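Below is one structure, written out as structure tokens, with a few remarks after it.
Bear in mind that the values here come from a model prediction, so they are computed numbers and not experimental data.
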Amino acid sequence: MKEDKNQVVGSENMNGGQARGKNHEDLDFLAQMGESDSLADKLKILARQNKLAAFSAVILILIFLAAVFAPVVAPCDHLAQSLTDRLQDPSAAHLLGTDELGRDVLSRIIFGARISLTIGLVPTLISMAIGTVLGLCAGFYGGKTDFIIMRLADVMLAFPSLLLAMVVMYTMGGGLINIFIALSLVNWAGTARIVRAQTLSLKEKEFVEAAKSIGVKKWTIMFRHILPNCLPSLIVLFTLNIPSAILSEASLSFLGIGAQPPSASWGLMAVRGKKYLFSEPWLSIAPSAAIMIVVMAFNFLGDGLRDVLDPYLKEQ
């Protein structure tokens, strides 16, 4: 009987040891899964699986560096005028020719990257911050708060964003600061709807219910528990909203209510070169090509990031 009992105890210990070993293996596997889901590994996956997105990221980095170090990179002063050199064809001295005032077109495009990228980044950040806060409040609180915010978002989405920006610009006047204000006010609604939808799903999860049960404040739950789970989608949305802001600025400058002379805005350069389109086409083609390259690079990068970061797409 003692031998049988010892055998049973030994088998239980062996099974317990095997179970503990299996648990350790499971924990190691989960740890490896967590490591593989880190941001650095996701970026490696992006570079390996989507060459176009990786190439677009390199192009954008180069453009950012050229904009930051524009005084060093630009071959000439972008504001220096020389009427004796006006409307010159592209040459070794001026790679993209000169405009109607004798200013180097390449230098103005390099300095114009500062305006376009700033207008692409700053209003997008502001509008997404506004939309994120309103979307969190609408989804988390619900009721009248949700109704008021979403109806306001519906009103904003009912009108073309460029048309609303034109109304704001005509009201306040041209200038870069007014462009920041106009684009920030008209582009928050889409972000609010996306964040609201994710908040409605996340607030029913167990970790949110657990936080509520122990008395965690509502704002803490929204910004420390729900918002981090929305960040992958917000990152993708951010990269896709920047091209829209750049195109809006170029359109407003093209209409004469955006950046004002002598600013080196790509949209302003395109509209000023329109009158020379058949004689000196590079005056409009060069800034238009710069807009196209930046917008396409951001779109390709956004598509690549969506494939890697979007959890809903990964589930599908």
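- To the nearest 0.5 Å, atom OG of residue Ser284 and atom CZ of residue Arg272 are 11.5 Å apart.
- Cluster membership check: Leu200 does not share its hydrophobic cluster with Phe207, using side-chain heavy-atom separations under 4.5 Å among Ile, Leu, Val, Met, Phe, Trp and Tyr.
- Of the possible donor and acceptor atoms, one in the side chain of Ser107 sits under 3.5 Å from a partner among the backbone N and O of Cys76.
- Closest non-hydrogen pair, Cys137 versus Ile149, comes out as CB-CD1, 4.2 Å.
- For Phe300 against Ser56, the heavy-atom pair with the smallest separation is CB-OG, 3.3 Å.
- Of the inter-residue distances, the one linking Phe140 atom CZ with Leu202 atom CG reads 11.0 Å to the nearest 0.5 angstrom.
- Put simply, Val208 and Ile214 are part of the same group of oily side chains (I, L, V, M, F, W, Y) that touch within less than 4.5 Å, one to the next.
- Residue Leu121 comes nearest to Ile242 through the heavy atom pair CD2-CD1, 3.4 Å, listed as atom of the first residue, atom of the second, then distance.
- We find the CD1-CE distance between Ile59 and Met296 to be 11.0 Å, quoted to the nearest 0.5 Å.
- Not a single donor-acceptor pair under 3.5 Å links the side chain of Arg196 to the backbone N or O of Leu136.
- Around atom CZ of Phe69, no more than 12 heavy atoms belonging to other residues, nucleotides or ligands sit under 6.0 Å away.
- Minimum interatomic distance between Asp104 and Ala93 (heavy atoms only, all atoms of both residues): OD1-O, 4.4 Å.
- Rounded to the nearest 0.5 Å, atoms CD (Glu100) and CD (Glu280) are 10.0 Å apart.
- Counting non-hydrogen atoms of neighbouring residues, nucleotides and ligands closer than 6.0 angstrom, the OH atom of Tyr141 exceeds 12 such neighbours.
- Checking side-chain atoms of Thr98 against main-chain N and O of Gln88 turns up a donor-acceptor pair under 3.5 Å.
- Looking at every heavy atom in both residues, Pro287 comes nearest to Ile109 through N-CD1, 3.9 Å.
- When atom types are taken as modelled, the side chain of Arg103 and the backbone of His78 share no donor-acceptor pair closer than 3.5 angstrom.
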task: Determine, step by step, whether Phe55 and Lys51 satisfy the side-chain contact (heavy atoms from CB on, under 4.5 Å) criterion, reporting the C-alpha distance in whole Å, the side-chain angles of both residues, the deciding distance to 0.1 Å, and the verdict.
output: CA-CA 6 Å; Phe55 179 73; Lys51 303 296 184 182; over 6 Å; no
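- Between Glu209 and Glu204 the shortest side-chain heavy-atom distance falls below 4.5 Å.
- The hydrophobic clustering, which links ILVMFWY residues whose side-chain heavy atoms are closer than 4.5 Å, places Met222 and Leu234 together.
- The closest side-chain heavy-atom distance from Met156 to Leu164 is below 4.5 Å.
- Between Thr199 and Gly139 the shortest heavy-atom distance is CG2-C, 3.7 Å.
- Using a distance-only test at 3.5 Å, with no hydrogens or angles considered, a donor-acceptor pair links the side chain of Thr239 to the main chain of Val236.
- Atom CZ of Phe159 sits in a sparse spot, with 12 or fewer heavy atoms from other residues, nucleotides or ligands closer than 6.0 Å.
- Shown here is Lys217, whose NZ atom has no more than 12 heavy atoms of other residues, nucleotides or ligands within 6.0 Å.
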